[in-house]
Amino acid sequence: MGGAVYVGRSPNGGVRFDLLGIRVNLYCTLDGNMASRDTPPFRGADVIFECGDNEVIFKARSNDYGFSYSFAMPESVMPFFPLQSNCNIVVNTTLSSCNSTLPSVGALQSGIKSVGTSVVGNLVVANFVPKGFLYNSSI
């Protein structure tokens with residue numbers, strides 16, 4: 001494993017982390033959010049974390065509960081700091097695959113926001129979640 005990097009401008013002004021964690025909870029709606037207690041999860045959705053000019057950092061798939069949690073090595077995202085303004089989460093599975101009344105083209109897209117760090121063993125994980133998904137018909 002490579003050395004730790006920092007979220008921020010410098011080691012003195014940033015938070016050291018060893019892994020980047022992205023947590024996504026998806027529901028079968030036009031904005032990926034839970035509309036009611038009866039809203040089904042978006043199962044088997046392709047979740048893509050991309051930075052810069054659509055450079056794919058990693059791909060994941062949501063589970064039966066619409067949940068996806070993935071890790072990336074810090075070195076893969078270093079060129080894209082600050083991550084909050086240079087990275088996005090794209091759900092690249094058409095919404096109609098979970099509900100036939102939803103669009104059969106386009107995708108959900110969201111910026112990311114930091115939700116702090118956690119410690120797993122001796123590793124510091126910088127945790128991020130979507131800011132809020134929007135439907136984009138041109139993806």
Side-chain angles (χ1 to χ4, degrees):
M1 177 185 304
V5 296
Y6 293 81
V7 177
R9 295 187 184 273
S10 70
N12 294 331
V15 176
R16 176 192 162 279
F17 73 97
D18 302 293
L19 289 172
L20 172 77
I22 303 290
R23 185 183 71 229
V24 178
N25 291 341
L26 288 171
Y27 294 90
C28 192
T29 61
L30 196 56
D31 63 3
N33 292 315
M34 182 187 284
S36 71
R37 291 181 61 208
D38 297 326
T39 304
F42 196 161
R43 296 175 175 96
D46 292 327
V47 178
I48 300 169
F49 182 67
E50 61 184 22
C51 296
D53 191 21
N54 301 321
E55 183 174 331
V56 174
I57 304 300
F58 62 77
K59 295 180 183 182
R61 183 165 290 217
S62 64
N63 66 15
D64 285 347
Y65 303 101
F67 182 74
S68 169
Y69 191 81
S70 300
F71 294 99
M73 298 303 291
E75 295 83 3
S76 65
V77 296
M78 282 302 295
F80 306 107
F81 276 86
L83 297 178
Q84 290 90 330
S85 61
N86 292 311
C87 297
N88 290 299
I89 299 169
V90 177
V91 178
N92 202 23
T93 301
T94 58
L95 294 170
S96 63
S97 69
C98 69
N99 181 335
S100 63
T101 65
L102 293 174
S104 60
V105 296
L108 296 175
Q109 186 172 19
S110 176
I112 61 171
K113 65 180 178 180
S114 174
V115 290
T117 59
S118 57
V119 177
V120 178
N122 62 349
L123 302 175
V124 177
V125 181
N127 296 294
F128 290 86
V129 298
K131 283 183 182 177
F133 285 103
L134 297 173
Y135 171 70
N136 185 335
S137 62
S138 64
I139 294 178

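Below, all heavy atoms of this structure are taken into account, side chains as well, without hydrogens, waters or symmetry copies.
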Heavy-atom pair of closest approach, residues [X] and [Y]:
X	Y	answer
V24	I22	CG2-CG2, 4.0 Å
D46	R61	OD1-NH2, 2.7 Å
N122	D18	O-OD2, 4.0 Å
T39	Y27	CG2-CB, 3.7 Å
K113	P130	CE-O, 3.9 Å
I48	N92	CD1-CB, 3.6 Å

So, [X] side chain and [Y] main chain: donor-acceptor pair closer than 3.5 Å or not?
X	Y	answer
S62	S68	no
T94	V105	no
S96	N99	no
N88	E50	no

Supply the atom-to-atom distance [X] [atom1] to [Y] [atom2], rounded to the nearest 0.5 angstrom.
X	Y	atom1	atom2	result
L123	S118	CG	OG	10.0 Å
C51	F58	SG	CZ	8.5 Å
T93	L108	OG1	CG	9.5 Å
N33	C28	CG	SG	12.5 Å
I57	M73	CD1	CE	13.0 Å

Is there a side-chain contact between [X] and [Y] (heavy atoms, below 4.5 Å)?
X	Y	result
L20	L83	yes
P103	Y135	yes
D64	R43	yes
F49	C87	yes
F133	I89	yes
Y69	N127	yes
F42	L95	yes

Is there a path of hydrophobic side-chain contacts, each under 4.5 Å between heavy atoms of I/L/V/M/F/W/Y residues, joining [Y] to [X]?
X	Y	result
V120	F71	yes
I112	L26	yes
F67	V125	yes

